[in-house]
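When a residue number appears, it is its place in the shown sequence, counting from 1. Note: hydrogens, waters and symmetry copies are ignored here, and every other heavy atom, side chains too, is used.
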Amino acid sequence: MNRKSRCLFIQTVLYLWCAAFPVDASWALGQQGASAGTAGGATSPGIGSDAISQSVQQFEQDGIRIEFALRAAEQNPGGQEAQVGQTMLAEFALRDTRTGRPLALGKPKAWMSARLSETVSAERTCSDKIRSLSSGQLGSRPDVDLNGYAIATLNHDKTVTFINPHMAFTPTKLEHIVPLPGVGTDWLLSRNGRTLYVTLSDEGRIAVIDTTTHRMIHTISTGVSSRPTRLALQPDGRAVWVGLDGLAQVAAIDPETHGIAKTISVGAGTHAFAFSSDSSYLVVTNSESNTVSMIDLRTAAVAATRPVGKTPVTAAYGAAARRFYVGSLNGTTIDALDPATLRTVATIPTQQGVVALRFEPTGRFAISVNQLDSTLSVIDTATNAVIGSTTVVKDPDQITFTERYAYVRGIESEKFSLIDLADLRRGKPAPVEIQAGQHAPSTAPDQLGIADMVVPAPEGNTVMVANAPDRTLYFYQEGMMAPMGTFSNYKRMPRGILILDRSLKEVAPGVYRAPVTFAKAGRYDVPLLIDRPRTMHCFQATVRESADGISMAAAPRPPIIRTDVGNAPVQARVPIAMIFTVLDAMTQQPIAGLRDVQVLVFEPPGTWQQRRHAREVEPGRYTVTQAFPHAGEYRVMVQTLSGHLRYAQGTAVVQQVIPETSRSEKQMQRAEGLRQ
């Protein structure tokens with residue numbers, strides 16, 4: 001092989017390697033972060049002392065000591081080392097170097113990135129790595145982000161989508177799409193945030209989604225005509241309850257096995273839930289029987305059945321009064337029940353039309369929403385009396401709270417009512433109407449559901465509002481008269497919205513903690529940033545394979561790509577439309593809404609190549625227009641990172657290209673066609 005041939009061969013190999021394995025900006029840790037200040041094996045009494053923990057690493061700078069450890073969560077105390085599929089707690093403690101006292105320096109920022117190589121030469125410094133990760137760009141995404149949160153939407157097209165609102169300078173914030181075997185009705189996030197349960201009423205099933213791998217891992221059958229509808233989480237996290245509206249039953253799901261642990265017969269109708277704060281009692285409404293079933297959770301049996309107002313549809317537990325309160329759509333009272341005596345202890349007069357009843361954050365004041373007369377009422381449970389009422393947006397159906405405000409959605413209004421909780425507690429609610437979209441929810445009547453459409457964001461003073469007919473999510477910051485921004489739901493009508501908060505939280509003075517679950521084994525770099533004083537350091541963590549093979553089961557399956565590319569030769573220099581259908585590997589259904597489908601076309605050995613973003617022309621069908629420069633044999637490959645498919649995982653399709661037909665030959669063919 002001569003020198004020129006060797007150069008061409010090396011160039012080809014390098015090109016194909018880069019095409020198949022794009023460089024990950026988080027592949028390495030600088031020598032500075034790998035060694036500075038790490039005290040492996042030294043255990044600090046101030047971190048992880050209440051559970052089994054790995055060795056604590058320490059770093060000191062300018063009088064600040066930072067401690068980092070990964071420890072087993074309380075519900076998973078069986079192992080000392082982090083492993084794939086196990087929920088761990090990442091914990092950072094900020095302390096004074098001399099005294100050991102906690103430091104109030106504000107919440108740090110941290111990330112975790114799996115190493116793709118153990119080579120240390122030419123690695124970037126820790127500061128360069130942190131600068132890249134904090135930019136939020138797509139090429140710098142960590143494996144675990146301990147700073148932000150994700151938005152999940154339950155959609156009309158049998159999907160759940162995961163959106164990252166913190167992604168900057170990218171064409172899409174859509175990260176993952178999970179197809180469902182039916183239209184979702186209600187959903188619930190598990191206590192540790194790892195599992196998402198979705199009721200599929202028409203299918204008689206409950207879908208179980210792993211929020212770490214973004215896969216549907218299981219479906220729970222509830223029986224023919226069972227109509228699983230509402231979901232509720234027991235406060236102690238030991239069970240997820242679902243109302244089987246078609247069978248006059250409720251069922252308890254074991255969150256560990258995802259199987260039905262207990263089925264209890266109750267009254268007929270739709271079922272709503274309310275738990276006592278100590279997980280001793282559960283109240284279930286029975287809308288057709290005009291009763292509530294009071295279930296003793298210690299014995300998992302109905303302790304009493306009590307009559308209430310006509311068509312009970314909502315219930316809530318008041319922690320201050322230690323009583324259950326039940327609202328009825330066609331009744332004229334709100335009933336208060338005492339779990340200690342299993343009896344009705346008060347009836348509070350109201351008007352027909354109560355559809356929602358919730359307690360504000362102190363647990364003393366119950367807020368009822370009346371859909372028929374578009375009003376809101378405040379009940380003081382200390383006196384069991386209505387202390388104030390007001391008119392809100394038309395046909396209200398849901399109420400949500402932050403620490404300072406109440407938000408009321410109306411299905412006949414494109415606005416929501418905002419009410420200061422201080423005014424509510426005084427019995428003088430003064431609502432302000434805030435724009436929440438272009439269309440009222442009732443303009444898409446088929447998408448009106450029971451899942452929350454307004455949810456608080458982790459910032460504490462913001463909410464996310466889902467608008468189905470707009471196919472849009474609105475970001476609202478308290479104190480403003482209009483939303484601060486919007487997020488596309490990618491042509492899907494949301495039927496529910498929730499927040500997956502994975503950020504660090506202060507659990508003790510100077511101690512910050514977040515749950516993490518790893519999808520793959522290996523060594524991880526853990527960069528940490530404190531803004532004031534400016535302090536940064538890169539710790540390390542090791543994750544081993546799961547003993548029960550969770551890593552293999554949890555790996556997302558890339559989608560299937562179907563195309564007619566390569567079926568017939570095409571002419572050089574003539575633009576053609578190449579169409580690709582993206583199918584879910586499990587359900588074989590088209591995956592719609594992908595915004596990052598890319599097509600790579602190259603001519604071996606790699607001296608000519610082009611990459612193009614595909615455009616969706618039909619649900620799940622994507623196209624690019626391509627012209628080949630000359631005759632030859634080309635390769636075509638597809639990639640979608642949000643769909644877990646890289647070029648290296650797919651199969652290259654061979655496309656034969658023939659010489660372009662000359663102009664005179666074209667004219668002769670056209671003339672021959674006219675004569676015929």
Side-chain angles (χ1 to χ4, degrees), residues 24-48 53-71 82 88-136 140-148 502-514 516 518 522-543:
D24 187 336
S26 62
W27 72 277
L29 170 67
Q31 185 73 12
Q32 167 190 347
S35 58
T38 300
T43 303
S44 165
I47 188 169
S53 66
Q54 290 188 347
S55 299
V56 174
Q57 302 173 46
Q58 298 183 8
F59 172 75
E60 295 183 3
Q61 177 180 309
D62 299 331
I64 300 171
R65 184 172 78 241
I66 306 172
E67 302 170 352
F68 164 69
L70 269 181
R71 64 187 185 86
M88 303 292 290
L89 296 176
E91 196 165 274
F92 300 88
L94 312 181
R95 305 189 184 282
D96 183 274
T97 301
R98 184 175 58 85
T99 66
R101 294 179 178 176
L103 293 177
L105 302 177
K107 184 166 70 173
K109 296 179 181 178
W111 305 263
M112 293 185 174
S113 296
R115 285 193 168 197
L116 300 184
S117 171
E118 290 302 320
T119 304
V120 296
S121 60
E123 288 181 347
R124 296 175 302 161
T125 65
C126 186
S127 58
D128 289 339
K129 189 174 187 64
I130 290 174
R131 188 178 300 110
S132 176
L133 289 167
S134 59
S135 70
S140 302
R141 289 166 54 185
D143 291 278
V144 179
D145 191 341
L146 298 175
N147 313 293
R502 301 282 175 78
S503 64
L504 290 166
K505 297 180 180 62
E506 190 170 19
V507 296
V511 179
Y512 298 86
R513 182 186 299 164
V516 296
F518 299 95
R523 294 180 63 191
Y524 284 73
D525 300 325
V526 188
L528 178 82
L529 170 66
I530 300 173
D531 285 328
R532 294 183 181 179
R534 191 76 170 180
T535 307
M536 58 184 67
H537 182 66
C538 288
F539 296 99
Q540 293 184 15
T542 300
V543 179

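The closest side-chain heavy-atom distance from Arg534 to Asp62 is not below 4.5 Å. At a threshold of 4.5 Å between non-hydrogen side-chain atoms, the residues Glu67 and Gln57 do not count as touching.
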- Item | Trace of the ring-ring contact (aromatic ring centres under 6.0 Å, His included) decision for Tyr524 with Phe518 | CA-CA 10 Å; Tyr524 284 73; Phe518 299 95; 4.9 Å; yes
- Task: Carefully, step by step, assess His537 and Gln61 under the rule side chain to side chain contact (heavy atoms under 4.5 Å, CB included).
- Result: CA-CA 10 Å; His537 182 66; Gln61 177 180 309; over 6 Å; no
- Given Val511 and Leu94, is the side chain to side chain contact (heavy atoms under 4.5 Å, CB included) satisfied, shown in steps? CA-CA 6 Å; Val511 179; Leu94 312 181; over 6 Å; no
- Ile66/Thr535 under side chain to side chain contact (heavy atoms under 4.5 Å, CB included): CA gap, chis, key distance, verdict: CA-CA 10 Å; Ile66 306 172; Thr535 307; 4.0 Å; yes
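Ring orientation note: the planes of Phe539 and Phe92 are tilted relative to one another, at an angle of 30° to 60°.
A salt bridge links Glu91 and Arg71; the closest N-O separation between the charged side-chain nitrogens and carboxylate oxygens is under 4.0 Å.
Among Leu146, Asp531, Leu504, Ile530, the single residue meeting the side chain to side chain contact (heavy atoms under 4.5 Å, CB included) criterion with Lys107 is Leu504. For the side chain to side chain contact (heavy atoms under 4.5 Å, CB included) test with Trp111, the passing option among Asp525, Leu528, Ile130, Val144 is Ile130; the others fail.
Interatomic distance, OG of Ser113 versus CG of Asp145, reported as 9.0 Å (0.5 Å rounding). Atom CD of Gln540 sits about 12.0 Å away from atom CE of Met112, to the nearest 0.5 Å. To the nearest 0.5 Å, atom CZ of residue Arg65 and atom OG1 of residue Thr97 are 6.5 Å apart.
In terms of heavy atoms, Pro509 sits closest to Pro102 at O-CB, 3.1 Å. The shortest non-hydrogen separation linking Asp143 to Ala114 is OD2-N, 2.7 Å. Closest heavy-atom contact between Asn147 and Pro108: OD1-O, 4.1 Å. Taking every heavy atom of both residues into account, Ala90 and Val516 meet most closely at CB-CG1, 4.2 Å. Here the closest non-hydrogen pair linking Gly100 and Arg95 is O-CD, 3.5 Å. In terms of heavy atoms, Arg513 sits closest to Leu89 at CD-CD1, 3.7 Å.
Applying the side-chain hydrogen bond (donor to acceptor under 3.5 Å, both in side chains) test to Arg101 and every residue at least two apart in sequence or in another chain returns nothing.
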